[in-house]
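The structure presented is a predicted model; accordingly, all values stated were derived computationally and were not measured.
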Amino acid sequence: MASAASVVAADLQAPRSFFPAATSYEYLEQHKIRFHLEDAICQLLDAQPDNPLLFLHSYFDKVRRGSNVLGREFEYIRSTPRNRLAFAQRLSEVVRQVTEIHQLAQLVCPDFPIGILRRVGQVVCYQHNVRVKGVPAALDVTADLDGADCRLVDDEPVVPCKAFMAAFKVCFVYHEFMEHLIEIVKDTISSFHGALLGNMHGVAGQPPSYTPGERRELERATTERVACLAKTYNATPAGGGCSGRMCPPAASIEHALERAYSSSRLGTTKAADQPTGTGGADSAMLDAASTVFYETWTGLLGDKQVYEHLDSSGL
């Protein structure tokens with residue numbers, strides 16, 4: 001017995017004269033209508049669903065959305081330009097969450113820590129204002145990102161893949177500096193916060209605001225501590241060799257910190273809007289530290305000198 005595919009293929013191999021005009025034939029060929037009709041009927045005969053019209057509706061809806069290429073054989077994918085474009089688009093969207101990116105990373109390096117990828121995910125989510133369930137998805141700088149149960153929020157956000165991979169190169173190379181910056185910012189703001197809160201103005205339930213002088217003082221203190229950190233990175237490790245640690249150019253760091261402490265977001269985020277807010281002074285301090293950290297990295301990722309620094313290092 002002939003297969004469903006061969007029967008349909010034979011039926012659709014009608015002579016060109018079947019069509020009322022050459023332009024009609026060319027139209028169907030241009031849009032690959034015969035190809036999709038043949039494939040749809042073959043799929044229908046193989047599945048033989050109870051509701052064939054619904055099946056056909058679903059088939060062509062997938063063609064329209066470009067999801068028809070998922071799980072299909074290469075010969076089908078290469079058969080039409082639309083299918084090829086759909087496959088390229090789907091491939092670029094396959095890696096959309098940090099856990100998926102981690103699975104791919106483990107194919108290259110089986111013990112690659114997911115915490116690094118989660119930190120990059122936080123930065124990218126902040127940079128692109130990704131929101132999940134009405135809250136910014138990536139503001140908790142204190143979370144144990146290597147923990148098995150850690151997620152950025154209840155539902156892990158979809159991160160822009162192209163932006164993630166661009167940010168990953170920078171953040172991975174400067175990873176130790178990234179983590180040290182968190183501690184410096186937290187400690188600096190914490191040491192100032194008790195005294196500053198008494199001079200801040202605000203209303204109940206609203207975050208305190210920093211005066212221009214307080215912002216400059218915080219920026220100065222942070223910059224000084226980061227400069228000291230950079231010296232330890234640039235020093236030759238004991239016993240020679242290379243520690244693998246790097247920090248961005250000093251000018252880039254200074255510009256990024258200036259941007260961060262000048263940000264309109266600093267001191268404007270309500271604790272109630274944070275996924276991990278603890279309330280009170282501790283929450284206000286964490287909100288400020290998170291904002292400075294993410295604004296700094298947003299600045300670094302947009303700094304041409306950072307990429308020139310990587311290129312000069314042979315990366």
Side-chain angles (χ1 to χ4, degrees), residues 89-109 112-147 149-183 185-186 246-248 252-253 255-257 259-260 263-266 268-269 273-276 286-310 315:
Q89 180 64 24
R90 297 290 84 77
L91 187 63
S92 70
E93 294 176 351
V94 166
V95 180
R96 287 155 55 90
Q97 293 184 317
V98 170
T99 50
E100 295 172 346
I101 297 170
H102 185 231
Q103 291 171 358
L104 283 184
Q106 287 182 310
L107 294 178
V108 181
C109 177
F112 195 93
I114 193 173
I116 295 176
L117 299 173
R118 282 174 171 154
R119 184 67 78 200
V120 179
Q122 287 182 325
V123 171
V124 174
C125 284
Y126 182 93
Q127 184 182 19
H128 292 268
N129 199 29
V130 174
R131 301 176 72 86
V132 178
K133 291 187 175 180
V135 300
L139 290 180
D140 185 8
V141 296
T142 63
D144 176 14
L145 297 182
D146 281 311
D149 297 328
C150 175
R151 299 179 73 86
L152 299 184
V153 286
D154 291 339
D155 294 326
E156 189 172 48
V158 171
V159 296
C161 182
K162 185 176 180 180
F164 183 96
M165 298 313 295
F168 173 73
K169 177 180 178 180
V170 177
C171 294
F172 184 38
V173 171
Y174 299 134
H175 175 64
E176 288 84 1
F177 171 82
M178 196 178 196
E179 297 303 308
H180 284 138
L181 179 63
I182 294 174
E183 297 304 317
V185 171
K186 283 169 50 184
M246 289 180 62
C247 65
S252 297
I253 297 172
H255 292 156
L257 287 172
R259 165 202 168 98
S263 172
S264 59
R265 292 190 181 189
L266 181 59
T268 61
T269 306
D273 289 338
Q274 304 301 331
T276 57
L286 178 58
D287 294 347
S290 299
T291 299
V292 170
F293 173 76
Y294 292 116
E295 285 289 331
T296 299
W297 274 98
T298 298
L300 289 172
L301 290 173
D303 191 330
K304 182 180 178 180
Q305 289 188 11
V306 170
Y307 298 94
E308 292 176 347
H309 182 234
L310 295 181
L315 300 172

*Heavy-atom side-chain proximity of Met178 to Leu181 below 4.5 angstrom*: no
*Report yes if the side chains of Ile116 and Phe172 come closer than 4.5 Å at any heavy-atom pair, otherwise no.*
yes
*asked:* For Thr298, give me all partners under side chain to side chain donor-acceptor pair (under 3.5 Å), at least two apart in sequence or on another chain.
replied: none
*Name all residues meeting the ring-ring contact (aromatic ring centres under 6.0 Å, His included) criterion together with Tyr307; count only those two or more places apart in sequence or in a different chain, and write none if there are none.*
none
_If you apply the rule side chain to side chain contact (heavy atoms under 4.5 Å, CB included), what do you find for Tyr126 with Glu295, and how did you get there?_
CA-CA 8 Å; Tyr126 182 93; Glu295 285 289 331; 2.7 Å; yes
*Sequence neighbours left out, what passes ring-ring contact (aromatic ring centres under 6.0 Å, His included) with Phe177? Give chain and number order.*
none
_For the student: nearest non-hydrogen atoms of His309 and Cys247, plus distance_ = CE1-O, 3.2 Å
*Looking only at heavy atoms, what is the nearest atom pair of Thr296 and Ala256, with distance?*
O-CB, 3.4 Å
*Looking at residues at least two apart in the chain, or sitting in another chain, which of them share a side chain to side chain donor-acceptor pair (under 3.5 Å) with His180?*
Tyr233
*Mind checking the CZ-NE2 spacing from Arg259 to His255? Nearest 0.5 Å is all I need.*
13.0 Å
*asked:* Parallel, tilted or perpendicular: which one describes the rings of Tyr174 and Trp297, with boundaries at 30° and 60°?
replied: tilted
*Rounded to the nearest 0.5 Å, what's the gap from SG on Cys171 to CG on Leu301? Could you check?*
5.0 Å
*Any Val170 side-chain heavy atom under 4.5 Å of Val306 side chain*: yes
*Answer yes or no: is there a side-chain heavy-atom contact under 4.5 Å between Phe168 and Val124?*
no
*To the nearest 0.5 angstrom, please state how far the CZ atom of Arg119 sits from the NE2 atom of His175.*
8.0 Å
*Return the minimal non-hydrogen interatomic distance between Ile253 and Pro248, and the atom names on each side.*
CD1-O, 3.5 Å
